[in-house]
Each structure stands twice: as structure tokens, then as C-alpha cells.
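Order of the sequence lines sets the chain letters (A, B, ...), proteins ahead of strands, with each chain counted from 1.
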Amino acid sequence: MGRVWHRAEGSGRSGALDAVCALGVAATGADLAIVTRLGAEGHGIAGMHGSLAEGWSALLDEVVTLEQALAGAGSVEALTLRVGDLAVGMVLLARREGAFGARERAVLFRLQVVAEAQMSAEDVLADVARAAFHRIESARA
Amino acid sequence: MVLTISAELRRLRVVHRLGAVQRSAVLDAVCEIGMLGAGADFAFCSLVDDLTHRVVGRAGTGVEAFPRLPGPVLGLRRMVFAGDMGGEAATAGHPMVDGRLERMGAGAVAALIHEGEAVGMLGLGWRRAMPAFGDEVTTVLRRMVPVAEAVMQSEAALMRMAQEAFRHLERVRG
């Protein structure tokens, strides 16, 4: 939990993953849902939604530890996101007060499935776009 | 109760472009989140395919199709809430499980849109009638829609790329 957070790169934030987080908040009553993408410097925000999200946006302007970032949350549940054997990020639900129950945890496991699939798809599409761009550039040169 | 299909909505073109989207564990997961979040008995996600709503995601049910609906049942971004469907079980609005009608006491459905056209629907179902739907049902259903649309779009895009790559390989081999 001690990894350093950094500002998400332009291409790291995803509207679809924001929507996944919004669904997570609606389905669990959480105050915050976040999907992160693991990069060289740590976790970057790939998707986020909830009433605690505004504070998080401000925090993202600075480099903070996860403990600092979650200081205002009463309870937190998180799962690692994987593509194959590789950890690629995390999905997290946070609440100001009260613990998460079995139903909320079941939702979190499903959010993990959806977020992993969406991140994989976005990675593939980004790779293809990059390859196409390089090919065009090579042809021009 | 029959989910109303207005004359205007009947003109919506049946879209086959997304036929590549198959039953998906990811869409199952979206349905399960919706079912749990809204306190529904089951949930489903369908795509219109050759005059049938083909189920591509589901939770709490073995539903496979809505076989007799002539097209998308909803207009753009509309949601329909049917609180008491129990009295008229054998209607076009009911889903089929292995050729049998799935009992549906109440339902809340929303249109799925792709490139400006309704291509299917997302639904939450209850086996009993519901006197009223709470705000959480509306909110969860509204939030499910963009996620399901994004998943379908990604899967369709990946499938198109795979098909194109295969065709290219065939040409190279040619």
C-alpha cells in the first residue's frame, strides 16, 4: 500500500473506466471508486467516480502516498487488476463511514472482471494505433 | 404486459454490425453488478440480431433471447419501467429460457446505443410485481448503460481487427 501515486498521463484516463467506477459507486453506495493503471512510477488514475473524487483530483496534482490519499476514508476495499500473470493496476472502493459487506465485495469482484477486460481492450487498441502511426511515419520518411 | 413499441420506434433499423459480439463473461459481470446493486432477481443485456433480441450477458437467469420483439424496444436514452407484468405471462416482452417463458413480474429496461442507433437493451427483472421502483434502480440502470456500450464496442472492435488480420493473412498466403 505504500506505492507512490502520480498524475495520470493524458492517455491513461479512460471514459469507459470512469463509467465502470460510476457503476461501482451506484451499485455499492461507496463514496469513491477508482481504477488505477500501474506504471513505472506507481499507480495512475485510469478511472474515478464519487463524492470523494474531487479531493482526489486535487491530490493528484501532488505526489502522495496511498496512505495519505486514503486518510479521509473510513473503509477501503481493493483488488489487484491483472492481465495474464501481470499486475496492471487496482480497483478500489472507499467509504467515509461504515464497512463494506458481502454484497459490496461481490460487486467489487465483478468490477475487477470488467475493468481488466476494458484495460486489456484499450491496451490492444492503443498498440494497434501506435503501430499504424509508426508505419505511416516510416512510409513518409 | 407488453413493452410498447411505437410506430416511430419500429422504424429503427435493426443493426447487424454488432453481430460479432457474443455471450461475454464481461457483460455477465456488468449484469451481475446491476442485479446486486438494484436488488433485482435477474439482469440481462441483449443485442438485436435478425428480429431477435439475442442475450449476450446475463445474471440470475438462463435467459437466451426475446424471440418475438421486432426490433429495439426503446427510443434513444429512454428507460421503461414495468411494475406488474405477472398477469400476462405469454407476451412478446418476456424472455425465453430454453424455449420456455421466463417468469417476469416486473422489469426496468434501457436502450443500448451504438453510433446513434438503438442496437439492444439492458434490463433488470424481478419475479414479483414491484409497486414502485426506487431511485437506486434508476441510477444503477443508468450507470450500467455506458459500461455495457463500452464493452460491446471494444469487443466488436477487437473482433473486426481479428477478422481483418485473418483476411490479410489469407491474402498473403494466397
With a 4.5 angstrom heavy-atom cut-off, which part of A38(B) approaches chain A: side chain, backbone, both or neither? neither
Before accepting this row, confirm whether a basic side-chain N of the pair R167(B)/E170(B) lies closer than 4.0 Å to the acidic partner's carboxylate O. no
Interface residue of largest heavy-atom contact number with chain B, from A16(A), A121(A), A22(A), G15(A), under 4.5 Å: A22(A)
So Q118(A) and S14(A), side chain to side chain donor-acceptor pair (under 3.5 Å) or not? Walk me through it. CA-CA 9 Å; Q118(A) 188 58 34; S14(A) 152; 5.1 Å; no
The interface call for V25(A) against chain B, heavy-atom contacts under 4.5 Å, is neither
Tell me if a side-chain donor or acceptor on E116(A) pairs with a main-chain N or O of R82(A) at a distance below 3.5 Å. yes
Name of the residue among R135(A), R140(A), H134(A) meeting side chain to side chain donor-acceptor pair (under 3.5 Å) with E137(A): R140(A)
Between A117(A), G24(A), A19(A), who has the most heavy-atom pairs with chain B when the cutoff is under 4.5 Å? A19(A)
Among A157(B), S154(B), A25(B), which residue has the highest count of heavy-atom pairs closer than 4.5 Å to chain A? S154(B)
When only pairs under 4.5 Å are counted, which of R142(B), R143(B), M35(B) shares the most heavy-atom pairs with chain A? R143(B)
Between D28(B) and R110(A), is the closest basic N to carboxylate O distance under 4.0 Å? no
Go through the atoms of L111(A) and report whether side chain, backbone, both or neither lie under 4.5 Å from a heavy atom of chain B. both
Got a donor-acceptor contact below 3.5 angstrom from the S75(A) side chain to the G98(A) backbone? yes
Could you have a look at I33(B), V26(B), V147(B) and say which one has the most heavy-atom pairs with chain A under 4.5 angstrom? I33(B)
